[in-house]
Asker: 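One structure follows; several queries about it will come next.
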Amino acid sequence: MAQTQVNSATLIIGVTGSGKSSLAYTLAVYLHEVYKKVLYYYACDGGGYPAKVQEGIALGIIKVFRMRTRDLGDLGLAGDRRVPLLVHS
């Protein structure tokens, strides 16, 4: 079977309660079932993680990174190389 490379960045925005986290969880399940890939979830709202995201973390199909949203003079965490430079694993 030919190796499939999945490189993509998807921005999901919407009002509170509109299903953004559920959509991300559904995408994570799909990526894992079809491509055996893990979804990298970057949060920038400063709040906690919704139940669906926590479930994905527990299953090992979602890896979560918190982005800094203030004072990015040093590029925050990305500048410290604490987040992956490549989206695929």
Asker: Taking all non-hydrogen atoms of both residues into account, name the closest pair between Lys20 and Ile13 and its distance.
Answerer: CD-C, 3.7 Å

Asker: Members other than Val15 in its cluster, when Ile, Leu, Val, Met, Phe, Trp, Tyr link by side-chain heavy atoms under 4.5 Å?
Answerer: none

Asker: Set out, in order, the CA-CA distance, both residues' side-chain angles and the distance that settles ring pair (Phe, Tyr, Trp, His ring centres under 6.0 Å) for Phe65 and Tyr40, then state yes or no.
Answerer: CA-CA 7 Å; Phe65 296 92; Tyr40 290 96; 5.8 Å; yes

Asker: I'd like a table of donor-acceptor pairs (distance under 3.5 Å, sequence neighbours excluded) in which one partner is a side-chain atom from residues 26-33, with atom names and distances.
Answerer:
{"residue": "Thr26", "atom": "OG1", "partner": "Ser22", "partner atom": "O", "Å": "2.9"}

Asker: What closest approach, in Å, do Tyr25 and Lys52 show between heavy atoms, and which atom pair accounts for it?
Answerer: CD1-O, 3.3 Å

Asker: Establish whether Val64 and Ile12 are linked, either directly or via other cluster members, by ILVMFWY side-chain heavy-atom contacts under 4.5 Å.
Answerer: no

Asker: Please say yes or no: joined through hydrophobic side-chain contacts below 4.5 Å, possibly via intermediate residues, are Leu23 and Leu39 part of one cluster?
Answerer: no

Asker: How long is the gap from CD on Glu55 to CD1 on Ile62, to the nearest 0.5 Å?
Answerer: 8.5 Å

